[in-house]
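On a predicted model such as this, the values are computed, not experimentally measured, just so you know. What's counted below: heavy atoms across the whole structure, side chains too, no hydrogens, waters or symmetry copies. Letters A, B, ... mirror the listed sequences (proteins, then strands); counts begin at 1.
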2 protein chains.
Amino acid sequence: MNIDIRHLRYFSAVAEELSISRAAQRLHMSQPPLSQQIQQLESRLGVVLLLRKKRGIELTAAGAALAAEAKLVIARLEQAVDTVQQIGRGELGEIRIGVISSAMWGEFPDLLRRFHAGFPGVNWSVKELMPAVQVQALMERRIAIGFFRSAAQAPAIPPPSPAMLTAGTLVPPHESTLGSQHSSNSFHCCSTPTACARLILGITP
Amino acid sequence: MNIDIRHLRYFSAVAEELSISRAAQRLHMSQPPLSQQIQQLESRLGVVLLLRKKRGIELTAAGAALAAEAKLVIARLEQAVDTVQQIGRGELGEIRIGVISSAMWGEFPDLLRRFHAGFPGVNWSVKELMPAVQVQALMERRIAIGFFRSAAQAPAIPPPSPAMLTAGTLVPPHESTLGSQHSSNSFHCCSTPTACARLILGITP
DNA sequence: GTCAATTACGAGCTTCGTAACAATA
DNA sequence: TATTGTTACGAAGCTCGTAATTGAC
């Protein structure tokens, strides 16, 4: 009874086209394997889904139900994949940022604004922290990025792990050597895999 | 990018156990193929899901999200399969019944009562129809079963199609020769694949 | 003859298990 | 050494396409 997403995709096409041959065309495959897959699906379910009629096919009640359900399952899966990929690309998620209070007088607010424009799916929070506290928070992954001014205060922090949007690394950012030019300037920053590297660069894709 | 339900099942187990070896045990397979499948899943998604740590593994943010989503997709699929199988077994659906008014004085109400007790998932409706109208309705599949008394009025109706719970055939019922003993008695009836054959027999499984 | 579906069969890919390897406590 | 995960590789199974078959118009 091992139903597969492929079975659902195939059956969905057949149910929509009400024809195996047309569905096979739409699926870019030949009829016989599609016919086989539908038979296999019926056998695994133990349910007749199609009525082979003189001309083409017809759905049984169970077949009609499966056609509807299959679409839901497929849609749910595709949405799940999409969400996971967005998180993976750092376009969706949460990011915690530590700053020294004077950063709010500098270029930080504008950087954050650009970041938010580029990554509207990422929820951010900013917390005012003393430099030493930021370093501690970075090491414990409680913040993803720390903004402060003195390079001397930034110790070796383990390289970023994609585990969370809260991983951090030291200058130069692991993902982007471009980031180092910024970080040697007015502030030091620690980057996460993607989102943070882009934040550092002010990229708004 | 061809994600499979198997991938989701595997990853779900890994995410719950937070260990590939333990998950493999639970899945009754050996570790290496499971490890491979997870790698394949990551590659197809283009997303890192697990962090290989010194001791065991850890979920990334994307991995945690997928673990949650996967459960939903799997549950949705299993519920869909269940529903379709119930319909296929005639335990879920709708059935329209035609009767002559005098049937309500006979054994019909009790038959219906027993049917409903046996198939609580099947919604039924009873309509009073003249015998000739019942025959017409049966042929057009607008009713699943017709109750009337004269065998002479029942013509040849195509054999039952599992297409609907509204298919009908003539005495003796196609699925059950047992049914004929009833139908030669006080009423004639036309049966659908399962539910109706059972209805005729008054079976309450 | 054509159209639509099924059956038959072989090539190529996928998945799994076993064995060997690497790294860590 | 025991544990946990990865790499390597071959056998078994699965999926697909081509070709032949059936059945209805």
Side-chain angles (χ1 to χ4, degrees), chain A residues 1-45 47-60 62-63 66-67 70 74 158-159 161-163, chain B residues 1-45 47-60 62-63 66-67 70 74 158-159 161-163:
Chain A
M1 206 276 282
N2 236 348
I3 310 303
D4 197 353
I5 283 289
R6 190 186 51 263
H7 289 297
L8 298 188
R9 288 192 202 278
Y10 287 180
F11 182 72
S12 187
V14 170
E16 277 183 10
E17 298 286 346
L18 282 176
S19 152
I20 296 183
S21 26
R22 256 175 296 156
Q25 273 183 281
R26 211 175 83 178
L27 294 166
H28 306 295
M29 65 191 294
S30 50
Q31 295 86 345
L34 181 55
S35 186
Q36 283 178 352
Q37 290 296 318
I38 301 298
Q39 287 175 50
Q40 189 179 78
L41 175 59
E42 287 181 313
S43 139
R44 292 191 182 178
L45 285 171
V47 173
V48 177
L49 301 171
L50 299 180
L51 298 174
R52 283 69 174 176
K53 286 304 188 68
K54 331 279 178 182
R55 204 69 181 171
I57 56 172
E58 198 173 287
L59 292 178
T60 65
L66 183 59
I74 293 168
S161 91
Chain B
M1 207 276 282
N2 235 348
I3 311 302
D4 196 352
I5 284 289
R6 188 183 58 263
H7 289 299
L8 299 187
R9 289 193 202 279
Y10 287 179
F11 182 71
S12 186
V14 170
E16 278 184 8
E17 299 287 345
L18 281 176
S19 152
I20 296 183
S21 27
R22 257 175 295 156
Q25 272 183 279
R26 212 175 83 178
L27 294 166
H28 305 297
M29 65 191 294
S30 50
Q31 294 89 343
L34 181 55
S35 186
Q36 282 178 350
Q37 289 298 316
I38 300 299
Q39 286 175 48
Q40 188 180 77
L41 175 60
E42 287 181 313
S43 139
R44 292 192 182 177
L45 284 170
V47 173
V48 177
L49 301 171
L50 300 180
L51 298 174
R52 283 72 175 175
K53 287 304 188 68
K54 330 280 177 180
R55 201 68 179 175
I57 56 171
E58 198 173 288
L59 292 178
T60 64
L66 183 60
I74 293 169
S161 89

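Mapped onto DNA chain D by nearest heavy atom, Q36(A) and S19(B) fall at different nucleotides, with S19(B) at the one closer to the 5' end.
Distance Q31(A) CD to dT7(C) P: 15 Å, rounded to the nearest Å. Remark: P of dT15(D) and CG of D4(A) are 7 Å apart, rounded to the nearest angstrom. In this structure, the CZ atom of R9(A) is 15 Å from the P atom of dT15(D), given to the nearest Å. Atoms CD (Q40(A)) and P (dG13(D)) sit 14 Å apart, rounded to a whole Å. Look at CE on M29(A): it is 16 Å from C1' on dA11(C), rounded to the nearest Å. The interatomic distance linking Q25(A) (CD) with dC3(C) (P) rounds to 12 Å, in whole Å. Residue L34(A) contributes atom CG, which lies 11 Å from atom C1' of dC16(D) at whole-angstrom precision. Between the CD atom of Q39(B) and the P atom of dG5(D) there is a distance of 12 Å, given to the nearest Å.
Distances from the side chain of S35(A) to the nucleotides dT15(C), dG17(D), dA5(C) place dA5(C) closest. The nucleotide whose nearest atom lies closest to any side-chain atom of P33(A) is, among dC16(D), dT6(C), dT18(C), dC16(D). Taking the side chain of P32(A) as heavy atoms from C-beta on, and the options dT6(D), dC16(D), dA8(C), the nearest nucleotide is dA8(C).
Judged by distance alone, with hydrogens and angles left aside, the side-chain atoms of T60(A) form no donor-acceptor pair with the main-chain N or O of L50(A) at under 3.5 Å. Without hydrogens or angle criteria, S12(A) side chain to A67(A) main chain gives no donor-acceptor distance under 3.5 Å. Not one N or O on the side chain of Q31(B) forms a donor-acceptor pair closer than 3.5 Å with the backbone of A24(B).
Backbone-only contact: S21(B) has heavy atoms under 4.0 Å from sugar-phosphate atoms and none from a base.
For Q37(A), a side-chain nitrogen or oxygen approaches OP1 or OP2 of dC16(D) to under 4.0 Å. Distances shorter than 4.0 Å separate none of the side-chain N or O atoms of R52(B) from OP1 or OP2 on dT4(D).
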